[in-house]
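Heads up, the thing below is written out as C-alpha cells.
Chain A is the first sequence line, chain B the second, and so forth, proteins listed ahead of strands; every chain is numbered from 1. Below, each value reflects all heavy atoms present in this structure, side chains not excepted, and no hydrogens, waters or symmetry copies.
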Protein chains: 2
Amino acid sequence: MNIGDVASQSGLPAKTIRYYEDIGLIRPKRDSNGYRAFDTTELHKLTFLARSRSLGFTIEDCRALLSLYEDRRRASADVKLLAEEHLARIARKIAELKAMHVTLSGLVNKCHGDDRPDCPILDDLGQLEEMPS
Amino acid sequence: MNIGDVASQSGLPAKTIRYYEDIGLIRPKRDSNGYRAFDTTELHKLTFLARSRSLGFTIEDCRALLSLYEDRRRASADVKLLAEEHLARIARKIAELKAMHVTLSGLVNKCHGDDRPDCPILDDLGQLEEMPS
DNA sequence: CTTGACCTTCCAGTTACTGGAGGCTTTATC
DNA sequence: GATAAAGCCTCCAGTAACTGGAAGGTCAAG
C-alpha cells in the first residue's frame, strides 16, 4: 500500500503520516522507488493513532499507548491510568470553557448591540479580572 | 512605570508584555536608559488584554477588540458580534470535549484495570473511528 | 510521448508564548 | 567607593502538531 491508500483508509492526511514517521511513531518500509510501503500492521497503527488523537490524546500519550498496544504482556491497569489522567484533563478543560461561556454570555446579554458606542462588554474587559479560582 | 510594575498590576508576565509589543498590540515609550516606560493608558490596555485572553479570545480577536476599545465612535454591535462568534466557538469546543469524555469514560469503565493484558481501551482504539458527526 | 496523478524531500509558517544566554543599569548594602 | 542582587535589555531557539508550498522523481492511461 502506498501512502495515499493508508491515508484514505485511516482518515489521516498523507502529510500527517509522513510527520508521524519523522517523529518515530511508525516505521514503514520503502519500495525500490523510494515510496513508503505500508503493510496492514502499519495501517492498524495509523488507525490507532487517528482514533487516539481524535479523543484528544497528545502525541506523547499516543506514543505511550502505542507501545502498550504492541506489548502483549502489558497490564490493562497501565492503559487505564493513562486514560483516566486524560479524562481528568478533559473534565478540567470543560469546566474552564464553561466558566468562560458563563462570563462572556453574561456580558453579551448586557450589551444592547446597536449602533451606539456604549458597550458593557468593552467596559468589563477593561477591568481587572477577578479570578473565581 | 517599568515593565515589572505593569506586569504585577496586569497579571501578565514581563515576557508576554514584551511579546505584545513585538506584535504591535502596545507601543510603550522608552526612557533614556532604554527601559520601557508605561503610562496608565498602556496599563489599561494590558489589563484589557489579560482579561480578553483569559476569556479565550485569540490574539487577533484581541487586536480587533482593542481597536474597538480605542474607537470612541464604534458601534456596540461590532463588539457584540465578535463576542457572539467567540461564544459559539466556546460552545462547539465544549460539545466536542463532552463527546470525547463520554466515549473515553465508556472505555475506561469497561476496562478492569488489573495486571492482566486484556484491555478494552486498546481494543477499541485499534478500531476505525465512527464519527458521530 | 505527454499529461496528470502520486510520490519524494526540505523549508517555512502557524499560535502564543517561554526559557535562556549575554550584557547593561539601578538599587541596596558594607 | 566597591560589590552584589535585582531588574532591565535584545536576540535566539524551542514548544505542539501539523500544514502549505516548492522543486522534482515515478507511474498509468491514452
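In the 5' to 3' direction, nucleotides of DNA chain C lying under 4.0 Å from heavy atoms of chain A begin and end at C:dC6 to C:dC10. With a cutoff of under 4.0 Å to any heavy atom of chain B, the contacted region of DNA chain D is bounded 5' to 3' by D:dG7 to D:dC11.
Looking at residues two or more places apart in sequence or on another chain, you find no salt bridge (charged side-chain N to carboxylate O under 4.0 Å, His left out) involving A:Arg92. Applying the salt bridge (charged side-chain N to carboxylate O under 4.0 Å, His left out) rule to B:Asp114 yields the partners B:Arg116; only residues at least two apart in sequence or on another chain are considered. Applying the side-chain hydrogen bond (donor to acceptor under 3.5 Å, both in side chains) rule to A:Arg74 yields no partners; only residues at least two apart in sequence or on another chain are considered. Partners of A:Tyr20 by ring pair (Phe, Tyr, Trp, His ring centres under 6.0 Å), not counting sequence neighbours: none found. Remark: B:His86 engages B:Phe57 in a ring pair (Phe, Tyr, Trp, His ring centres under 6.0 Å) (not counting sequence neighbours). Listed by chain and number, the residues in a salt bridge (charged side-chain N to carboxylate O under 4.0 Å, His left out) with B:Glu70 are B:Lys45 (sequence neighbours excluded). By the salt bridge (charged side-chain N to carboxylate O under 4.0 Å, His left out) test, A:Asp78 is found to be paired with no residue, residues two or more places apart in sequence or in another chain being considered.
Across residues 34-46 of chain A, A:Tyr35 each have a non-hydrogen atom less than 4.0 Å from an atom of DNA chain D (numbered order). Contacts with DNA chain D (heavy atom under 4.0 Å) in residues 13-20 of chain A: A:Pro13, A:Lys15, A:Thr16, A:Tyr19, A:Tyr20, listed by number. In the region residues 21-33 of chain A, proximity to DNA chain D at under 4.0 angstrom, judged on heavy atoms, holds for A:Asn33.
By the 6.0 Å contact criterion, NE2 on B:His44 is open, its count of non-hydrogen atoms from other residues, nucleotides or ligands being 12 or less. In the displayed structure, A:Arg73 atom CZ is contacted under 6.0 Å by at most 12 heavy atoms of other residues, nucleotides or ligands.
Salt bridge absent: B:Glu21 and B:Arg27 never bring a charged side-chain N and a carboxylate O closer than 4.0 Å.
Criterion: ILVMFWY side-chain heavy atoms under 4.5 Å apart, direct or through other members. Under it, A:Leu43 and A:Leu66 are part of a common hydrophobic cluster. Cluster membership check: B:Leu87 shares its hydrophobic cluster with A:Leu97, using side-chain heavy-atom separations under 4.5 Å among Ile, Leu, Val, Met, Phe, Trp and Tyr. By the criterion of side-chain heavy atoms lying less than 4.5 angstrom apart, applied directly or through intervening Ile, Leu, Val, Met, Phe, Trp or Tyr residues, A:Tyr35 is not grouped with A:Val6; the two fall into different hydrophobic clusters. Hydrophobic clustering of Ile, Leu, Val, Met, Phe, Trp and Tyr side chains at less than 4.5 Å, counting indirect connections, unites A:Leu49 with A:Ile23.
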TODO: Take A:Lys110 and A:Asp124 through the salt bridge (charged side-chain N to carboxylate O under 4.0 Å, His left out) test and state the conclusion after the steps.
DONE: CA-CA 11 Å; A:Lys110 274 194 283 180; A:Asp124 178 279; 5.5 Å; no

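Nearest-nucleotide positions on DNA chain D place B:Ile3 closer to the 5' end than the other of B:Ile3 and A:Ile59.
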